[in-house]
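What follows is one structure encoded as structure tokens, with my remarks underneath.
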Protein chains: 2
Amino acid sequence: MAQSPPPARPGQEGAATPRRRPTLRDVAEAAGVAAKTVSRVVNGEAGVGAATTERVRRVIAELGYRPNSSARTLRQGRAATIGLVCDDVSEPFQSALTRAVEEVAIRHECMLLVASSLHDRERERTSVQALLARQVDGLIVTPVAGSQAYLGADIAAGTPVVFADRPAVGAEADTVLVDNVEGARRGVRHLLEQGHRRIGFVGDAPHLYTQDERVEGYRAALRDAGVPEDDRLISRQVPESGAVRATVESMLSAPEPATALFTGNALCTYAVLRALRDAGPPPALVAFDDFPLAELLHPAVTVVAQDPVGMGRTAAEILFRRIAGDTSADQVVRLRTRLIPRGSGERAPAEG
Amino acid sequence: MAQSPPPARPGQEGAATPRRRPTLRDVAEAAGVAAKTVSRVVNGEAGVGAATTERVRRVIAELGYRPNSSARTLRQGRAATIGLVCDDVSEPFQSALTRAVEEVAIRHECMLLVASSLHDRERERTSVQALLARQVDGLIVTPVAGSQAYLGADIAAGTPVVFADRPAVGAEADTVLVDNVEGARRGVRHLLEQGHRRIGFVGDAPHLYTQDERVEGYRAALRDAGVPEDDRLISRQVPESGAVRATVESMLSAPEPATALFTGNALCTYAVLRALRDAGPPPALVAFDDFPLAELLHPAVTVVAQDPVGMGRTAAEILFRRIAGDTSADQVVRLRTRLIPRGSGERAPAEG
DNA sequence: TTGAAAGCGCTAACAC
DNA sequence: GTGTTAGCGCTTTCAA
């Protein structure tokens, strides 16, 4: 396909003969120097005379030469590319993270290959394999539930990997997490401070690491305050609107009803907000994870904000340090959260 | 770097000697066949005996062989990778588009390289060059204002390119757009139908293609209804909250005040909602581009919804058709919008 | 059905 | 300062 040039497309001016892209050799010949010299010029290596450099530059411009990075990758083993596997790039938290990673990558003259695992083990694995096959210099992965043991050989072989948002199972590498326990604890304490004693936790599916941690924080806050736990006030389910609506209604209409809710992530928050929209007097609400327009709702929603940009940046910076040869011991970074009071979390419990 | 194996990282079990990744040749030797035979097995080519196939498969598994796609790319010229250059991956519309492109790419066993131009010409250009250097099979670009003439040579040379969301200048290729004029016209007509005659347009920066089109639709709707245009009711500025607030206030407090607003994109909508939050009786509002939680605001926001997923899918499908060799004439696809009435756009004008 | 040879475009290693 | 040689890992081409 590279040899036999692709057929001309109609409607292109001067589409006469789509020519083979000029190679480094073509430049060398045209400039009357050796290939290696052109290579030096292209890569800004020292040891080329000013006049030669100038001449080579001109020829490069004339021919419109652009280096073939596949060849370079093959030779050097580094693709000037890193890979990112997350749950779903279209999700706000992760797209912000992606953007932050991209920014750091650019600073290191790298590009970014992205893949969404959609929480599917097989897809994660396939994506990682495809990325490794492309000789990426390093990998940032938000591990799905399951095991990342399949990555062990590559990590041992020296491919830098950083896990983000959730720790891996069966593989050891640098990891950047949110301090979920402390964040949830802080958020729930905030509700307790307003006088709430019956606080419902509306979380995402069971076996999700972040949710486990946030429930733990929720429990810790109750314990700290000497408030008894009640499992009927803890819900863990995939946040489809229907199911959450039923949960919320039952929590609010129980004999000892919840007077406040704490949500486990943005999807749960959305579902709860939808459920509360048409309901009676709304309970207090603190949401884990900030979201757009939170401050425009009535009342504005108090949140425990995470920092997706900070997570992306941190993960990428660690990754590039490893790529640069840092061999210090693996580290686990926990990013702090920030409580942003906006109104919904500052309501006192309704009079019983 | 490929030759001298990277130093072992501590804390890895069995990190004794990070070994060179096995190559196709290693597999061939171990299996006692020729390299080409292994290549055939790996690529599922016909013409290998069942027994041989079986043996090669086993050796591949034993050695943990994974093909080096740089080498393959170098040989074949195709990287099994496409590139996407958008304004900003972290923006909801574009992250949804990215996700849709990714999905189509996966179906074609391709990966996705992403880059954000941030509306910067130089960055767009650099990104495109970096993508082309990586031998991407094709490119989807949301062109920034300026010129894409620099892409002409590569398009002519046969690299498939699809422009998305905005047309390119100085380069011809397939293009997928939203029918902005018709969408805006429809949205404004909706307001006119509620009896509004003074409708403010709050749009993003001048010289943005989509905004130009949406203003055109706005004007067309007014003309259709025989309502005189008034330039004081048209605002085009980067939607920082401060500036938009001033604009909105002046539109609403003018001698002949606006009784309804139409926003030009999501950022403008956010700014307007913020501005309206603390203001007096809110005007009617129709927003171009849907956004999360639009239905949870009070009142819920009526929007002219675009279809980012449809745009990403369409652009990617066209791209892969081109990659597969389709040489038919370039096409321009315009995706339809959908008016979603939710409340804010169905208010009648306040009694003057 | 299988294999040998050549080379994709580049750079590492070493001459000069 | 500059050039020569070899080869990264794969696939293409052609031969057996």
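Every chain is numbered from 1 and lettered A, B, ... according to where its sequence line falls, protein lines coming before strand lines.
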- Considering only heavy side-chain atoms of A35(B), the closest of dT11(D), dG3(D), dC8(C) is dT11(D)

- Pairs where residues 123-150 of chain B contributes a residue and the test ring-ring contact (aromatic ring centres under 6.0 Å, His included) is met, not counting sequence neighbours: none

- Task: Report yes if at least one side-chain N or O of S70(A) is closer than 4.0 Å to OP1 or OP2 of dG9(C); otherwise report no.
- Result: no

- Touch check for G49(B), heavy atoms < 4.0 angstrom, all strands: base, sugar-phosphate only, or nothing? sugar-phosphate

- Message: OP1 or OP2 of dG1(D) versus the side-chain N and O atoms of T52(A): is any pair under 4.0 Å?
- Response: no

- Message: Measuring to OP1 and OP2 of dT2(D), would you say a side-chain N or O of T37(A) lies under 4.0 angstrom away?
- Response: no

- Query: Could you state the CD-P distance from E54(A) to dT2(D), rounded to the nearest angstrom?
  - Reply: 13 Å

- Message: Determine whether a donor-acceptor pair (N or O, by modelled atom type, separation under 3.5 Å) exists between the side chain of D137(A) and the backbone of I82(A).
- Response: no

- Message: Given 3.5 Å as the limit, does a donor-acceptor pair link the side chain of R322(B) with the main chain of S328(B), or not?
- Response: yes

- Ignoring backbone atoms, test whether S39(A) places a side-chain nitrogen or oxygen under 4.0 Å from the OP1 or OP2 oxygen of dT11(C). yes

- Query: Just how far, in rounded Å, is C1' of dC10(D) from CD of Q135(A)?
  - Reply: 11 Å

- Query: Side-chain donor-acceptor pair under 3.5 Å between R134(A) and T81(A), yes or no?
  - Reply: no

- Item | Length of the CZ-C1' vector between R20(B) and dC10(D), whole Å | 14 Å

- Item | Donor-acceptor contact below 3.5 Å, side chain D174(B) vs main chain Q331(B) | yes

- Find the distance K36(B):NZ to dA5(C):P and express it as a whole number of Å. 16 Å

- Any residue meeting ring pair (Phe, Tyr, Trp, His ring centres under 6.0 Å) with H119(A), in chain and number order, not counting sequence neighbours: none

- Message: So, does Q76(A) get its side chain near the phosphate of dC10(C), meaning an N or O under 4.0 Å from OP1 or OP2?
- Response: no

- Query: Just how large is the angle between the end axes of the helix from dT1(C)-dA16(D) to dC16(C)-dG1(D), five pairs per end, to 10 degrees?
  - Reply: 30°

Mind listing the N/O atom pairs, protein and nucleotides 14-16 of chain D, below 3.5 Å?
none

- Message: From CG of L74(B) over to P of dG7(D), roughly how many Å is that when rounded to an integer?
- Response: 17 Å

- Could you give the CD-to-P distance, from E29(B) to dA4(C), as a whole number of Å? 12 Å

- Residues in ring pair (Phe, Tyr, Trp, His ring centres under 6.0 Å) contact with Y65(B), at least two apart in sequence or another chain: none

- Could you tell me whether E29(B) and R25(B) have a side-chain N and a carboxylate O separated by less than 4.0 Å? no

- Message: Is any side-chain heavy atom of V128(A) closer than 4.5 Å to one of V161(A)?
- Response: no

- Message: Measuring from the side chain of R75(B) (C-beta onward, heavy atoms only), which nucleotide among dT13(D), dG9(C), dG9(D) has the closest atom?
- Response: dG9(D)

- Message: On DNA chain C, compare the nucleotides closest to V48(B) and A71(B); which residue's is nearer the 5' end?
- Response: V48(B)

- Message: Taking the basic N atoms (NZ, or NE/NH1/NH2) and the acidic carboxylate oxygens, is any pair closer than 4.0 Å for E124(A) and R166(A)?
- Response: no

- Separation of dT5(D) atom P from R25(A) atom CZ, nearest Å, is 12 Å

- Message: Short of 4.0 Å, heavy atom to strand atom, which residues of residues 56-68 of chain A count as contacting DNA chain C?
- Response: Y65(A), P67(A), N68(A)

- Is R123(B) salt-bridged to E103(A), cutoff N-O under 4.0 Å? yes

- Test item: side-chain donor near acceptor, Q94(B) and T142(B), under 3.5 Å: no

- Query: What integer distance in Å separates R78(A):CZ from dT11(C):P?
  - Reply: 12 Å

